[in-house]
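All values below were derived from every heavy atom in this structure, side-chain atoms included, with hydrogens, water molecules and symmetry-related copies excluded. So you know, we letter chains A, B, ... as the sequences are listed, proteins then strands, and number each from 1.
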Protein chains: 2
Amino acid sequence: MFAAEIAAPRTRFGAGTIVATPSALDRTMGAGSVRRLESKEHVFCEGDPRRHVFRIEEGVVAIYKTLNDGRRQIVDFAYPGDLIGLGTLKEHVLSAQTTCEAKVRCLSAATLEREAENDPELALKLYKSVSQELAATRSLLVSVGQRSAIERVSLFLLSLYRRPGAHEDTAVHLSMLRSDIADLLGLTIETVSRTLTKLRTMGVIELQQGGTVVTLADLARLTSLANE
Amino acid sequence: MFAAEIAAPRTRFGAGTIVATPSALDRTMGAGSVRRLESKEHVFCEGDPRRHVFRIEEGVVAIYKTLNDGRRQIVDFAYPGDLIGLGTLKEHVLSAQTTCEAKVRCLSAATLEREAENDPELALKLYKSVSQELAATRSLLVSVGQRSAIERVSLFLLSLYRRPGAHEDTAVHLSMLRSDIADLLGLTIETVSRTLTKLRTMGVIELQQGGTVVTLADLARLTSLANE
DNA sequence: CGAATGATTGACCCCCTTCAAAAGCGGTGG
DNA sequence: CCACCGCTTTTGAAGGGGGTCAATCATTCG
């Protein structure tokens, strides 16, 4: 079923991104053009030449890898402020696709790297950005490798809740489908759905707006279910 | 490294293709002392102040996280040439423990970071080191999240085989216990053992020296079982 | 040898997957 | 307004892959 999505024509950006400011990463990024993306549009695909680095301005982008038989593992959701497409190789080894409407800022990868060669501050920012991403990926790996379904889902909900500026009170908006959550957590759609239902039955969460909004009714209990 | 598809062989500092001339990193590391470690000795523990960065000189070090109930996930095996202990935080968030006798070179984390602030070349090396580690961790995450036991074990054996200088002909030495492999792959000891037995019964591998040496008798078949 | 550690093998079971169907939920058009 | 359609989510029933528990075997070392 994902085969259809993945095989579908890819939408990519034109090449008109110029970044020429010196020094700090923030100023460099400020010069990039912003693109608006529909839900499920690709930012880049595995095998594409790595021309740009992108900063998420709005929405969510799933970074994922697909196996030859269609199985998919999302390795990260990128949220506003996150950089995606960093790396040392000439080609992307992962794909990036929006899970909802989104806006991303395009930066020239070559320019960024050239500037980093003369700007230790910028280079250190890239280092720290990737270090944090590594920490997040390791954390996800621990979940997928060791935790049960209810622990994974609980922890995922908590991670959404803890993301700065992501919630009013205790309600979090799921900006992705069940299939995206499943492919992040190494579960199936059905298990994610059943687990959410179980949490609802237990009175730990409430589901609203057709399951796209989750109210964390009992944070303490949810935390305990997540098992730290 | 468990980096079948994504990561190229890890860059060795001081002898890499990135920079041929002696850099601040090389000089810094040259000044570090080398510690000899017994099997199962800790290099650092979760919560320890992050005073040093270590470069593996010999042996294998498991980087892992333990949950409060004892479950353990190894997020990486570090081999000679690899740097461990990099990061942005003041304390280690993971533990590091040898899986066999090993030697590590100790570098001052503070010195490294201070020099990186004035040396973009060094900062970029750190960036690239972490980027490659990120790629390897993502690759492992895909395995743990999506692959079956036989695929995981096959891919793990192949990753050992592909590591530069790790094998004579088709024999690879397992420098870690079944429990280490299990905790890396998100399986149990028993499943790892059963899967190796199955591979042996299929004629794909041979086990020698009490299961510490594996001969990859049918590389093509093993690759196909790994499913890329 | 005998104890300790690790690996293998067996039996059983459970969590999650798989397959299948039904139910929501928007959109669109008559 | 409602019927219809596509997409997503939910729910059900059945089965399997890997976990758990436990016994046996192998290797090392005192």
For this session: To the nearest Å, give me how far apart CG (B:L177) and C1' (C:dT8) are.
Result: 15 Å
For this session: Check the distance between D:dT8's P and A:M176's CE and give it to me in whole angstrom.
Result: 15 Å
Seminar exercise, completed: Per side-chain hydrogen bond (donor to acceptor under 3.5 Å, both in side chains), A:Q73 is matched among B:Q146, B:R147, B:R138 by B:Q146
Problem set entry | Atom pair distance, as rounded to whole Å: CZ in A:R71 and P in D:dG17 | 13 Å
For this session: Return yes if some donor-acceptor pair links the side-chain N/O of B:E58 with the main-chain N/O of B:V104 below 3.5 Å, else return no.
Result: no
Seminar exercise, completed: The reported gap from CG in A:L83 to CZ in A:R105 (rounded to nearest 0.5 angstrom) is 11.5 Å
Problem set entry | Interatomic distance, A:I189 CD1 vs D:dC7 C1' [rounded to whole Å] | 11 Å
Exercise. Any side-chain N or O of B:S193 under 4.0 Å from OP1/OP2 of C:dT8?
Worked result: yes
Problem set entry | Length of the line joining B:K40:NZ and D:dT28:C1', which is rounded to integer Å | 13 Å
Exercise. Hey, is the side chain of B:E190 pairing donor to acceptor with the base of D:dC21 inside 3.5 Å?
Worked result: yes
Problem set entry | Between C:dT8 (P) and B:L174 (CG): distance, integer Å | 10 Å
Problem set entry | Residues that B:Q97 engages under side chain to side chain contact (heavy atoms under 4.5 Å, CB included), provided they are two or more places apart | B:K40, B:H42, B:Y64, B:R72
For this session: Decide, yes or no, whether a salt bridge links A:E151 with B:R71 under the criterion of side-chain N to carboxylate O below 4.0 Å.
Result: yes
Exercise. When you match A:R152 and A:G210 each to their closest nucleotide on DNA chain C, which lands nearer the 5' end?
Worked result: A:R152
Exercise. Which parts of residues 194-205 of chain A get close to DNA chain C, meaning a heavy atom less than 4.0 angstrom away?
Worked result: A:R194
For this session: Just call it for B:L207: base, sugar-phosphate, or nothing, with non-hydrogen atoms closer than 4.0 Å on any strand.
Result: sugar-phosphate
For this session: Could you check whether the rings of B:H52 and B:F54 sit parallel, tilted or perpendicular, using 30° and 60° as the cut-offs?
Result: tilted
For this session: Mind calculating the distance between CG (A:D180) and P (D:dT9) to the nearest angstrom?
Result: 9 Å
Seminar exercise, completed: Value for CG (A:N227) from CG (B:N68), rounded to nearest 0.5 Å, stands at 4.5 Å
Seminar exercise, completed: Side-chain atoms of B:R178 come closest, of C:dT8, C:dC16, C:dT17, to C:dT8
Exercise. Taking only N and O in the side chain of A:T191, is any of them less than 4.0 Å away from OP1 or OP2 of C:dT17?
Worked result: yes
For this session: Round to a whole Å and report the spacing from CD of A:Q209 to C1' of D:dT8.
Result: 16 Å
